[in-house]
Amino acid sequence: MNYHSPVLLKESVDALNIKEDGVYVDVTFGGGGHSREILSRLGENGRLFAFDQDPDAQQNKIDDERFVLIGENFRFISRFLRFYGIKKVDGVLADLGVSSHQFDEAERGFSTRFDADLDMRMDQKSDLSAKKIINKYEEKELADILFLYGELRNARVLAKTIVDAREEDEIETSFQLKEALQRHLPKAKEHKILAQIFQAVRIEVNQELEVLKEFLEQMPKLLNDDGRLSVISYHSLEDRLVKRFIRTGLFVGEPEKDFYGNISVPMQKVGKMIVPTKEEIKVNNRARSAKLRIATLK
C-alpha cells in the first residue's frame with residue numbers, strides 16, 4: 001500500500017510529551033507513520049492503541065506486542081479502549097481528513113482526478129455513499145451541504161443543477177458529476193470549486209464533523225491529568241472546531257461565567273499553532289494546509 005509521508009511527524013509526536021511506560025492512542029492509523037514514531041519512543045512497558053475503520057489500513061498493521069490496531073471509527077474511542085481495560089491514557093494523536101492513499105486509489109471516488117464511482121466511504125460497511133447523496137438528497141439538503149461543508153456561495157445554484165441533471169439520468173461517477181456542473185466551473189477556478197464540492201459531499205458521507213465533535217468531547221475524561229492531545233487538521237471547518245473546543249470546551253456559544261466572572265473550561269492549549277515548514281511542503285504537498293494544535297487538561 002502506498003501511503004505518503006505522515007505530516008508534521010516529529011512535531012505532532014513531540015507534542016505528546018511521551019513517557020516510556022505511558023499509554024497512547026493514534027486515532028488515524030492510515031499508513032502507520034505516526035504510530036511507528038510513537039512506538040520508537042516507548043519503552044517495553046508502554047502501550048499504543050490505534051484506530052482506523054478503513055480495511056486497507058489493516059495491511060499496515062505493526063507487528064509489535066505493545067501495539068493494538070482497532071478497525072473502528074475513532075468516535076467510539078472510549079468504548080473500545082474500555083474493552084481492553086483502558087480507562088485513561090497519556091496522549092491522543094489525530095491526523096484528520098483523508099489519507100493520501102485514499103485520494104490515490106481511483107476506485108474509492110475521493111479524488112476529482114479520476115473517473116470513478118461516487119463512493120467516498122471511509123467505512124466500506126456504511127450504507128451512505130456519495131452516489132446516494134448526489135442522486136437521492138432533496139435539493140435543499142444538497143444546497144445546505146454544499147454551503148456548510150464546501151463553503152460555496154452559489155450552493156443553491158449548484159444543487160439545482162445537480163437535481164436537474166439527475167432527472168435526465170442518474171449521476172454515477174465523478175466525471176459525470178463534473179460534466180453536469182461544467183457551466184459553473186470556470187477554467188481558472190475549476191479545480192478549486194470541484195475540490196470544495198467533493199469535500200462537502202465527503203464530509204456528509206463520513207459525518208466527519210460530527211465524528212470530530214464526539215471525539216473531542218471524550219478527551220477531558222479520557223486523558224490523564226498531564227495527558228496531551230495532538231490534532232492535525234486540514235481545512236477551516238475542522239480547525240475551527242478543534243480551536244474552539246480547546247478554548248471554551250464548547251462548539252457553539254460561550255462558557256458560563258461564575259460570580260467573579262471566571263470561566264471553567266476542561267482543557268488548555270499548549271504553545272502556539274504549528275504549521276509545516278516550507279521544506280516539508282516542498283517534499284509533501286499534502287502538508288500545505290495542515291495545522292497542528294496541542295492541548296492538555298486544565
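Worth knowing before you read on, the calculation uses all heavy atoms, side chains too, and leaves out hydrogens, waters and symmetry mates. Since the model is a prediction, treat every value here as computed from it, not as a measurement.
- For Phe29 and Phe49, the distance between ring centers is not under 6.0 angstrom.
- Rounded to the nearest 0.5 Å, atoms CD (Gln218) and CZ (Arg79) are 9.0 Å apart.
- Using a cutoff of 4.0 Å between basic side-chain nitrogens and carboxylate oxygens, Glu37 and Lys10 are not scored as salt-bridged.
- Taking 4.0 Å as the cut-off between side-chain N and carboxylate O, Asp123 and Arg121 do not count as a salt-bridged pair.
- Residue Gln182 qualifies as enclosed at atom CD: its count of foreign heavy atoms under 6.0 Å is above 12.
- For the pairing with Arg75, the salt bridge (charged side-chain N to carboxylate O under 4.0 Å, His left out) check across Glu214, Glu210, Glu208 returns one residue only, Glu214.
- Within a 6.0 Å radius of NZ in Lys269, no more than 12 heavy atoms belonging to other residues, nucleotides or ligands are found.
- Put simply, Leu237 and Leu250 are part of two different groups of oily side chains (I, L, V, M, F, W, Y) that touch within less than 4.5 Å, one to the next.
- Here the side chains of Ser35 and Ile62 are in contact, with some heavy-atom distance below 4.5 Å.
- Residues Glu170 and Arg166 are not paired through a salt bridge, judged by the lack of any N-O separation under 4.0 Å between the basic side chain and the carboxylate.
- Within 6.0 Å of CZ in Phe76 there are more than 12 heavy atoms belonging to other residues, nucleotides or ligands.
- Within the 4.5 Å cutoff, no side-chain heavy atoms of Ser230 are placed close to those of Tyr24.
- Salt bridge annotation for Asp90-Arg228: absent, with no cationic side-chain nitrogen under 4.0 angstrom from a carboxylate oxygen.
- Salt bridge Asp144/Arg156: absent, no basic N to carboxylate O contact under 4.0 Å.
- Look at Glu254 and Arg247 and you find a salt bridge, because one of the NZ, NE, NH1 or NH2 atoms lies within 4.0 Å of a carboxylate O, short of that distance.
- Proximity of Leu16 to Ile38: side-chain heavy atoms (C-beta onward) are separated by under 4.5 Å at one or more points.
- Closest approach of Gly253 to Arg244, counting heavy atoms only: O-NH2, 2.9 Å.
- Between the Glu141 side chain and the Glu138 main chain, a donor and an acceptor come within less than 3.5 Å of each other.
- The cationic group of Arg286 lies under 6.0 Å from the six-membered ring centre of Tyr234 and within 45° of the ring axis, placing it in a cation-pi geometry.
- Look at Glu151 and Arg240 and you find a salt bridge, because one of the NZ, NE, NH1 or NH2 atoms lies within 4.0 Å of a carboxylate O, short of that distance.
- Annotation: side chain of Leu81 is in contact with side chain of Leu222 (closest heavy-atom distance under 4.5 Å).
- Taking a 6.0 Å sphere around CD of Glu179, one finds it holds 12 or fewer heavy atoms contributed by other residues, nucleotides or ligands.
- A salt bridge is defined here as a Lys NZ or Arg NE, NH1 or NH2 lying under 4.0 Å from an Asp or Glu carboxylate O, and Arg293 with Asp239 meets this definition.
- At a threshold of 4.5 Å between non-hydrogen side-chain atoms, the residues Leu216 and Phe251 count as touching.
- In the hydrophobic clustering of this structure, Ile263 does not group with Met219; members are Ile, Leu, Val, Met, Phe, Trp, Tyr whose side-chain heavy atoms approach within less than 4.5 Å, directly or through other members.
- By the neighbour-count criterion of 12 heavy atoms within 6.0 Å, atom CG of Asn262 is densely surrounded, having more than that number from other residues, nucleotides or ligands.
- Expressed to the nearest 0.5 Å, how far CG of Leu181 lies from CG of Leu185 amounts to 6.0 Å.
- Val231 is not listed as a side-chain neighbour of Leu292, based on a closest heavy-atom distance of 4.5 Å or more.
- With a 4.5 Å cut-off on side-chain heavy atoms, Thr296 and Leu223 do not count as touching.
- Taking a cutoff of 4.0 Å between a charged side-chain nitrogen and a carboxylate oxygen, Asp52 and Lys61 do not qualify as a salt bridge.
- Note on ring orientation: taking the six-membered ring where Trp is involved, the planes of Phe80 and Phe51 are perpendicular (angle over 60°, cut-offs 30° and 60°).
- With rounding to the nearest 0.5 angstrom, the NE2 atom of His191 is 10.5 Å from the CD atom of Gln196.
- Below 30°, between 30° and 60°, or above 60°: for Phe74 and Phe215 the angle between ring planes is above 60°, a perpendicular geometry.
- A salt bridge does not link Glu190 to Lys187: none of the charged nitrogens lies less than 4.0 Å from a carboxylate oxygen.
- Using a 4.5 Å heavy-atom cutoff, the side chains of Lys291 and Ile232 are not in contact.
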